[in-house]
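Below: the structure, in C-alpha cells.
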Amino acid sequence: MYSHTTVGANDLARAKDFYDAVLEPLGLEVRFSGGGIIGWGLPGARPQFLVVRPFDGGDPSVGNGSMIALLAEKRSIVDACYAAAMAQGGLNEGAPGLRPQYHRNYYGAYFRDLDGNKICVVCHQSE
C-alpha cells in the first residue's frame, strides 16, 4: 500500500545506532546508506523505512499528530523493540500493552526516537 516511510534526523550516525537496535527484532536491516539517507528493509528487499537529513538543509521537525506504526508478528517483538528503544535513549509514549479501545487484540508500544519522531510497534494477533 505504501512505498516507504521517512523521518528526519539531526545526526544520522546516532539515528543509525538507535534504529539498528529498535528494528532488529522486526528482522529489518540496513539496505542502503549514503548521501544523507539510511534505509532499512527486509533482507533482500528494498528499503522501506528511511532516516534522512532533510533535503532542504533545515533542521528536522516533528509533525503534530504524525506517527509511524511498524507491524510486529508477535507481542514479544513489540516488547523487544520497545526495550531496545528505551535502552537507546528513546522516550516512553506508552509502554507495551493491550489497547482494547482500538480492538481486543491490539497490543502496542509507543516511543519517541532521539529526534522526537513518534513510533509505534504493534501486533494485531492474540499472542
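Side chains included, hydrogens not; waters and symmetry mates left out as well; all remaining heavy atoms used. Since we're looking at a predicted model, the values are computed, not measured.
Screening Val22, Asn117, Asn92 for a side-chain contact (heavy atoms from CB on, under 4.5 Å) involving Phe111 leaves a single residue, Val22.
Taking a 6.0 Å sphere around CG of Asp56, one finds it holds more than 12 heavy atoms contributed by other residues, nucleotides or ligands.
Rounding to the nearest 0.5 Å gives a distance of 4.0 Å between CZ of Arg46 and OG of Ser3. The CG atom of Leu114 lies 10.0 Å from the CG atom of Asn10; values are rounded to the nearest 0.5 Å. Residue Arg104 holds its CZ atom at 14.0 Å from NE2 of His124, rounded to the nearest 0.5 Å. Here Asn105 contributes atom CG and Cys123 contributes atom SG; the two are 8.0 Å apart, rounded to the nearest 0.5 Å.
Taking all atoms of both residues into account, the shortest heavy-atom contact from Gly8 to Asp115 is O-CB, 3.9 Å. Smallest separation of non-hydrogen atoms from Ile77 and Ala72: CG2-CB, 3.7 Å. Taking both residues in full, the closest heavy atoms of Tyr107 and Pro96 are given as OH-CB, 3.5 Å, listed atom of the first, atom of the second, then distance. Annotation for Leu50 and His4: closest pair CD1-CD2, 3.4 Å, computed over non-hydrogen atoms. Of all the heavy atoms in Ala9 and Leu12, the pair that sits closest is CB-CD2, 4.2 Å.
In the hydrophobic clustering of ILVMFWY residues, with side-chain heavy atoms under 4.5 Å counting as a link, Ile68 and Leu42 come out together. Taken together through direct or relayed side-chain contacts under 4.5 Å among Ile, Leu, Val, Met, Phe, Trp and Tyr, Leu70 and Leu98 form part of one hydrophobic cluster. Side-chain heavy atoms closer than 4.5 Å link hydrophobic residues (I, L, V, M, F, W, Y) into clusters, and following such links, possibly through other members, connects Met86 to Val121. Connection of Val122 to Ile119 is not established within any shared hydrophobic cluster, with ILVMFWY side chains joined at heavy-atom distances below 4.5 Å, either directly or through further cluster members.
The ring-ring contact (aromatic ring centres under 6.0 Å, His included) pairs that include a residue from residues 45-100 are Tyr19-Phe49, where partners are two or more places apart or lie in different chains.
Below 30°, between 30° and 60°, or above 60°: for Tyr110 and Tyr106 the angle between ring planes is below 30°, a parallel geometry.
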Checking side-chain contact (heavy atoms from CB on, under 4.5 Å) for the pair Cys81/Glu24: CA distance, chi angles, key distance, verdict?
CA-CA 8 Å; Cys81 292; Glu24 187 275 330; over 6 Å; no
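Although no hydrogens or angles enter the test, the distance criterion places a donor-acceptor pair under 3.5 Å between the side chain of Arg75 and the main chain of Gln125. Side chain of Arg99 to backbone of Gly108: a donor-acceptor contact under 3.5 angstrom is found.
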Which atom pairs, one a donor and one an acceptor, fall under 3.5 Å between side chains of residues 25-40 and the rest of the protein, sequence neighbours left out?
unit_1	atom_1	unit_2	atom_2	d
Glu29	OE2	Arg31	NH1	3.2
Arg31	NE	Ala45	O	2.7
Trp40	NE1	Asp20	OD1	3.0

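Looking only at side-chain heavy atoms (C-beta outward), Arg53 and Pro60 come within less than 4.5 Å of each other.
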